[in-house]
S.K.: 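Structure in structure tokens, see below.
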Amino acid sequence: MSSRRHPSGSPAADGHGPLNDVPLLDPLDEAPEPLPPPPPAGDIEGTSWVGAVFLIVNAALGAGLLNFPQAYDQAGGVAVALTVQALLLVFIVAALLVLAECADHSASATYQDTVHGLLGTGGLWACSGVVALYCYGTCVTFLIVIRDQSDVVFSSLFGPRFCHTWYMNHLFTMPASCVLFVLPLCFSRRIDFLKYASSLGVLAIIYLDGLIAFKYYQGHFQPGPIKHGPDAWTDVFLVMPSICFGYQCHVSVVPIYSCLRTRTVTNFLRAALTAIAVCVATYTVAGTFGYLTFGGRVTSDVLMSYDARDPWVMVGIVAIAVKTYTTYPILLFCGREAAARLWVEARGLDEARAAAGERTRRYVVAFVWFTSSVLLAALVSSIGAVIQLLGSLAALFILVFPGLCLLRLLLEKDPELVLRKDRWLLTFAVALVAVGAFVFGVVLTQALQNDVERLGPPPADLCRVQHVIAGAPLPG
């Protein structure tokens, strides 16, 4: 079938929702363009836009929140960080709408299939590979958070030699807890299965936000130096990894959109804007009050700066653990689908053979993913190093791929760019790609430089490593 598309048959061409448009048949087309998949029917009724809000918020909020206060310090203070965040949010929100329109155009239910429908096989391979890598790295950061918080708790309750007791060592506690609370959620076929667990995760983050603000106003901490401007102008870019990582829900929004009971761009916009508003408020509170509480002394995981013997802090640690347990399966779902799609493409399986092996493929990929990420999380020193690398990949999902898809969609609909609005959208698409490429390059360069600076001989004593992670005094 030809890739040409009649302008009047494009999504939302007459101002109605994409499901209300009936594409007109171009004389050069062999068959009509496929309509977007209908809302789920039968025993699978789909989710409401309110349920979608919880899924999007839970996909965006996570380990990145713990790193925001330190990112504020690195960038030059609260004012600088909030300015950079506001500028990037314009592109972040716009990209969500672009993805919804592109998903309707290509009748896709996943991020990588949306890219495939507009950018072809090359786009599919590039996108699927990066999606799998990003989701895997993010899952590792979630497990690092679980590991670190367990070390903080046991160090505060049982003293600096807790890790010599096998059942308190994070080499046991982290894998065991994940097998109990995470692994059972990793085999779901549909992402909206996780909407109830997502609501618990969102409530946990709200508590954590309240805890950080409460501790600031309580005033029991002596902050380090508070910056009111960057040490060098290039420092403003140091907050970008945390922002990109923190607001990256774009990989998840396409499958979430496909699960809406009423699948329209308007309905999705309502959910997306509500979710982003919640994320902005949450990240701003955590970043601002966490930084003002500790200043230059804040750690890469702000919770590690508090005393876990405080009951309120202990509840906060449990809350972030709950949040992490409920978010991990969402990212695994997206990465699992990307990895499975690469496998199907590499094997050249037709639709029937791919469907026949879907269940086995889903279970194998999920189990290998989970097991290897648990092993890797036991070895990585902190979330800060991982977040910087993942922030660069997040720029591709948030800006570059949506920009390229929008560019292709516009050229398919209006090849000569006759319509004035298409010219403006074309300019915006180019801006998305340009800004995304710039952020990707800057953040990746900074991450690699920082990783080189961290290189050194590995500590010989695992217990000493765990005490450093937990912020506890080292044993004599």
Side-chain angles (χ1 to χ4, degrees), residues 62-63 65-67 70 138-186 197 200-201 204-205 207-208 211-212 215 294 297-329 332 367 369-387 457-476:
L65 178 137
L66 302 176
N67 188 243
Q70 188 182 68
T138 305
C139 288
V140 172
T141 66
F142 292 155
L143 299 182
I144 293 173
V145 170
I146 294 172
R147 179 202 71 187
D148 289 354
Q149 303 313 320
S150 70
D151 283 349
V152 171
V153 170
F154 287 124
S155 177
S156 299
L157 295 178
F158 300 102
R161 305 194 69 84
F162 73 94
C163 54
H164 289 296
T165 304
W166 67 269
Y167 57 81
M168 289 190 285
N169 193 299
H170 68 229
L171 294 180
F172 171 78
T173 58
M174 187 262 289
S177 64
C178 290
V179 168
L180 289 174
F181 302 119
V182 176
L183 186 60
L185 300 176
C186 292
L200 292 177
I205 286 294
Y207 175 84
L208 190 61
L211 173 67
I212 293 173
K215 287 297 180 181
F294 300 105
R297 298 194 184 101
V298 69
T299 56
S300 63
D301 178 343
V302 68
L303 266 186
M304 293 169 62
S305 298
Y306 297 100
D307 184 358
R309 290 171 294 186
D310 184 330
W312 295 108
V313 175
M314 184 67 73
V315 174
I317 291 173
V318 173
I320 194 62
V322 170
K323 172 68 183 69
T324 304
Y325 288 134
T326 59
T327 306
Y328 181 104
L332 183 144
F367 183 77
W369 182 293
F370 173 82
T371 304
S372 60
S373 63
V374 168
L375 294 175
L376 187 58
L379 303 175
V380 178
S381 61
S382 70
I383 63 171
V386 182
I387 284 176
D461 186 357
L462 176 61
C463 193
R464 293 178 67 86
V465 175
Q466 291 185 241
H467 283 293
V468 171
I469 290 173
L474 292 170

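Below, each value reflects all heavy atoms present in this structure, side chains not excepted, and no hydrogens, waters or symmetry copies. Computed from a predicted structure; not experimentally measured.
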S.K.: First locate atom CG of L332, then atom CZ of F370, and finally report the distance between them rounded to the nearest 0.5 Å.
M.R.: 9.5 Å
S.K.: Which atom names give the shortest non-hydrogen contact between Y167 and T173, and what distance separates them?
M.R.: O-CG2, 3.3 Å
S.K.: Nearest 0.5 Å please: distance from the CH2 atom of W369 over to the SG atom of C186.
M.R.: 10.5 Å
S.K.: Measuring only between side-chain heavy atoms, which start at C-beta, is L208 closer than 4.5 Å to L211?
M.R.: yes
S.K.: I'd like to check L303 versus V145 (side-chain heavy atoms, cut-off strictly below 4.5 Å). Are they in contact?
M.R.: no
S.K.: Can you tell if the side chain of F154 reaches within under 4.5 Å of the side chain of N169, non-hydrogen atoms only?
M.R.: no
S.K.: Quick one: closest heavy-atom pair of I320 and I317, and the distance?
M.R.: CG2-O, 3.1 Å
S.K.: Can you classify the ring geometry of Y306 versus F294 as parallel (below 30°), tilted (30 to 60°) or perpendicular (above 60°)?
M.R.: perpendicular
S.K.: Where is the tightest heavy-atom contact between A204 and A319, given as atom of each residue plus distance?
M.R.: CB-O, 3.0 Å
S.K.: Give, for atom OG of S150 and atom CZ of F172, the distance between the pair rounded to the nearest 0.5 Å.
M.R.: 11.5 Å
S.K.: For P175 and H170, work out which heavy atoms get closest and say how close.
M.R.: CD-O, 3.4 Å
S.K.: Atom CG in L66, atom OG1 in T324: separation rounded to 0.5 Å?
M.R.: 7.5 Å
S.K.: Could you tell me whether the side chain of V313 reaches within less than 4.5 Å of the side chain of D307, counting heavy atoms only?
M.R.: no
S.K.: Can you tell me how far CG of L143 sits from OH of Y325, rounded to the nearest 0.5 angstrom?
M.R.: 9.0 Å
S.K.: Are any non-hydrogen side-chain atoms of F142 and I146 less than 4.5 angstrom apart?
M.R.: no
S.K.: Less than 4.5 Å apart, side chain to side chain, heavy atoms only: is that true for C178 and Y328?
M.R.: no
S.K.: What is the distance from atom CG of L171 to atom CG of L375, rounded to the nearest 0.5 Å?
M.R.: 10.0 Å
S.K.: Taking all non-hydrogen atoms of both residues into account, name the closest pair between T299 and D301 and its distance.
M.R.: OG1-O, 2.5 Å
